[in-house]
Amino acid sequence: MSVSFKGAALAVVLLFAAAAPVRAQVVPLEVYGALPALELVEPSPDGNRVALVTVAGADRALVIIDLRTSQLLGRIEVGLAKVRDLTWIGDGDLLITTTTTQSLWDGDDNRGELALGQIYDVERRRLVSVLNNAPGVAPILAGPAFVRDTPDGPAAFVRAYSFRDRHLNLYRLDSWTGRGREAADLDRNVDGVVLDAAGGLVARSTYDEISGHWSLTFVDGRQGEAVWATTALLDPPALRGLGRDGRSVVVDARRSDEAGDPADDAVLFEVDAAGARTPLPFEKRPTFLLHHPATHALIGGGFERDAGVSYVFFDPAADEAWAAASGAFPGRRPRLVAWSSDLQTVLVRTDGPNDAGSYHVVDLERRTMNTLGQTYPAVTADQVAPVRPIAYTAADGLEIHGYLTTPPGVTDPRGLPLVVLAHGGPASRDEMGFDWWAQALASRGYAVLQANFRGSTGYGEDFLEAGYGEWGRKMQTDLSDGVRWLAGEGLIDPGKVCIVGASYGGYAALAGPTLDRGVYRCAVSVAGVSDLRRMVESEAREGRRPNNEAVRYWSRFMGGDGPGDRSLDARSPARLAAGADAPILLIHGRDDTVVPIEQSRLMAQALRAAGKPVEFLELEGEDHWLSRADSRRQMLTEAVRFLEQHNPPR
């Protein structure tokens, strides 16, 4: 029988709140540029505790709260540490994953973002480092942890580098000491593993990036033969966890292989130990899969729609639990964050027209809802800028979807100044909801266009593939076509438009004044690519072979032919700087391990040599993701100053 909150007394308790909201006509920029007041919220398996990272003023801490009593069970000051993940190991231990930017080896300036782990014992308030005392094992996590309820109790399994074997093996962590005991010897080319509910190795996949050979092998106590093998230099199949029965595995096979499997948006396969493949019964490819928190079997999928996220469940109990939990938030957009092992405690994140983002714990058994707090508590309901989905037609007839954010309080938007905010990836997408960057710009009087240009995810394989080879071409004009559509609707002033973006969006910002000229009054590029050929050559140097998988991926998207392809120069803003028709602001973190800061330095040099207006801000100690609050605030302050200077909102 479905649990319904209608007619039932629903207790709502605010367990954690940051500073009281500051009501002001215009929200200070530092509010938007701050790290969220709540993030990485994770309930314990029994649903009685919750761990989260919180920011209150200048203090940033990891806290553990008892949901039944609201008692603080633990607090760890994290300061500037880049906490990336929180994972419960049973109900008493918490695995904390952080990253740090370091040189990958001595004598080389090649730097990487390395993941480190610590386990916190909640009862004893004791912290130990992971793999620090494991002989012959590098204390660096290679991927996320797998937590399983083994016959000996809950345990976390991680992959780490073995100096003895010179490849990544699977280790079971001792929660008391942090040491790792080898659970499986995996050869060099193993790129994916699936564990059962008790921690046993079910299957592994291997991939050789040089030959493109991929294979899937099931494990039953001995090395078996591959049940599926194919060659794919790009887009090899990938393991996505256990199937619905808890014994099969899910394989994402985007491309046709030698066996002639179809490649459409619905192709996710369940594969059993005999090699039989069954397409999962999704109407379209889900944005993400959902697995049961206790059995780890597949129970459904989530779909990112233009109006928000929706869910499809195979498990009736999960379907019933989510229907009851989401029904507690009429008029808002609820998202499933996590739930307890019995599905009765559900962690929900909401946002909406008057909600800057809030976390709630719904207890279906007790029929209560505890509101943990807001992500941006200083942004009041009336200060949340309205966001609406839009769709328009590109010059070649392709339909482009996206979002338009308009200034708060503007009921009839007409003739507004516009900022085009291009997302990164480019194989990514903007989503419906509270976006701190778009909201900050809208608070200053700008309309903000976030277009999911061709090459974005979430609109099918054909739409994704329409972006191949279109850097600086149709991916770019998809953005300016949106400007022209908004102008035709009378919503914006076409003479007052700037373009802003980070990562690939930073490239798009640079390509605006250099390749798609005559549209923008200024551009702000954060960690953007400026020289495509140099970027591909950098990827070639970092791989084991020049023609590695990363090089092939970028060559396909950029439309090049590997390292040294000079045809990429015609779409490289740094090589077209002399033609730039608008002032440009460059912002880049010195610790960026994804897009080297060299890319912005090259652009700055080229613009200065050409006598073009340019400003350049290097962020000390910052990575690709603007992980530090001080540099995020600095970026936002400088970007808005530059926009207001060259494209005043009034």
Side-chain angles (χ1 to χ4, degrees), residues 26-37 39 55 349 351 355-357 374-376 378-379 383-390 402-408 416-426 428-453 456 479 482 492 497-510 512 520 522-528 584-589 592 594-595 617 619 622-644 646-647 649:
V26 178
V27 180
L29 280 179
E30 54 265 27
V31 169
Y32 297 104
L35 295 175
E39 59 182 342
V55 180
R349 187 185 188 278
D351 63 16
D355 184 355
Q374 297 173 308
T375 53
Y376 291 90
V379 180
Q383 294 166 336
V384 177
V387 185
R388 58 168 159 151
I390 61 170
Y403 303 96
L404 181 68
T405 304
T406 51
L416 294 171
L418 176 70
V419 174
V420 175
L421 182 57
H423 69 67
S428 180
R429 62 163 292 164
D430 281 312
E431 301 171 352
M432 187 69 175
F434 185 93
D435 181 300
W436 64 270
W437 202 348
Q439 289 282 326
L441 296 173
S443 76
R444 266 52 199 169
Y446 296 101
V448 182
L449 169 64
Q450 294 174 279
N452 286 322
F453 44 80
S456 300
L479 298 173
I492 62 106
V497 183
C498 286
I499 184 169
V500 176
S503 195
Y504 171 80
Y507 167 82
L510 297 176
Y520 305 104
C522 66
V524 180
S525 170
V526 181
I584 294 174
L585 170 62
L586 301 162
I587 302 175
H588 214 126
D592 194 327
V594 178
V595 177
L617 173 63
L619 301 174
E622 188 51 84
D623 57 27
H624 188 68
W625 304 277
L626 295 174
S627 299
R628 297 175 54 174
D630 56 349
S631 52
R632 184 183 289 196
R633 290 191 185 101
Q634 189 179 9
M635 180 282 293
L636 189 58
T637 300
E638 289 302 306
V640 170
R641 174 197 60 78
F642 191 80
L643 290 169
E644 291 179 338
H646 296 286
N647 189 26

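Computed from heavy atoms alone, side chains included, the values below leave out hydrogens, waters and symmetry copies. The chain is numbered in sequence order, starting from 1.
Between the side chain of T375 and the backbone N or O of A356, at least one donor-acceptor pair lies under 3.5 Å. Side-chain atoms of E622 come within 3.5 Å of backbone atoms of S627 as a donor-acceptor pair (strictly under, hydrogens ignored). The backbone N or O of E30 sits less than 3.5 Å from a side-chain atom of R633, completing a donor-acceptor pair. One N or O on the side chain of S456 and one on the backbone of F453 form a donor-acceptor pair closer than 3.5 Å. Judged purely by atom type and a 3.5 angstrom limit, N452 has no side-chain atom pairing as donor or acceptor with the backbone of G402. For the pair Y504 (side chain) and S428 (backbone), a donor-acceptor distance under 3.5 Å is absent.
In this structure, the separation between OH on Y520 and CG on L418 is 8.5 Å, given to the nearest 0.5 Å. Atom CG of L421 and atom CG of D430 lie 6.5 Å apart (nearest 0.5 Å). Atom CD of E638 sits about 7.0 Å away from atom CD1 of I587, to the nearest 0.5 Å. Summarising the geometry, atom CG belonging to L441 is positioned 10.0 Å from atom CD belonging to Q439; distances are rounded to the nearest 0.5 Å. One distance of note links CG of D355 with CD of Q374; it measures 6.5 Å at 0.5 Å rounding. In this structure, T405 OG1 and R388 CZ are separated by 10.0 Å, a value rounded to the nearest 0.5 Å.
Taking the side chain as every heavy atom from C-beta outward, D351 and V384 never approach each other to under 4.5 Å. Annotation: side chain of H624 is in contact with side chain of S503 (closest heavy-atom distance under 4.5 Å). In this structure, the side chains of R444 and V26 come closer than 4.5 Å at one or more pairs of heavy atoms. A heavy-atom distance below 4.5 Å is found between the side chains of V379 and Y32. L619 places a side-chain heavy atom less than 4.5 Å from the side chain of L626.
In this structure, V387 and G433 approach most closely via the heavy-atom pair CG2-O, 4.2 Å. Pairing each heavy atom of D435 with each of Q450, the nearest pair is OD2-NE2, 3.2 Å. Contact record, Y446 with N647: OH-O, 2.7 Å, taken as the closest heavy-atom pair. Of all the heavy atoms in W437 and M635, the pair that sits closest is CZ2-SD, 3.8 Å. A pairwise comparison of heavy atoms in L479 and A451 identifies CD2-CB, 3.9 Å as the closest pair. V595 and G528 make their closest contact through CG1-O, 3.7 Å (heavy atoms, listed as atom of the first residue, atom of the second, distance).
Ring orientation note: the planes of Y376 and F434 are tilted relative to one another, at an angle of 30° to 60°.
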Exercise for the section: Kindly determine whether V524 and V419 satisfy side-chain contact (heavy atoms from CB on, under 4.5 Å), including the steps that lead there. Expected result: CA-CA 10 Å; V524 180; V419 174; over 6 Å; no
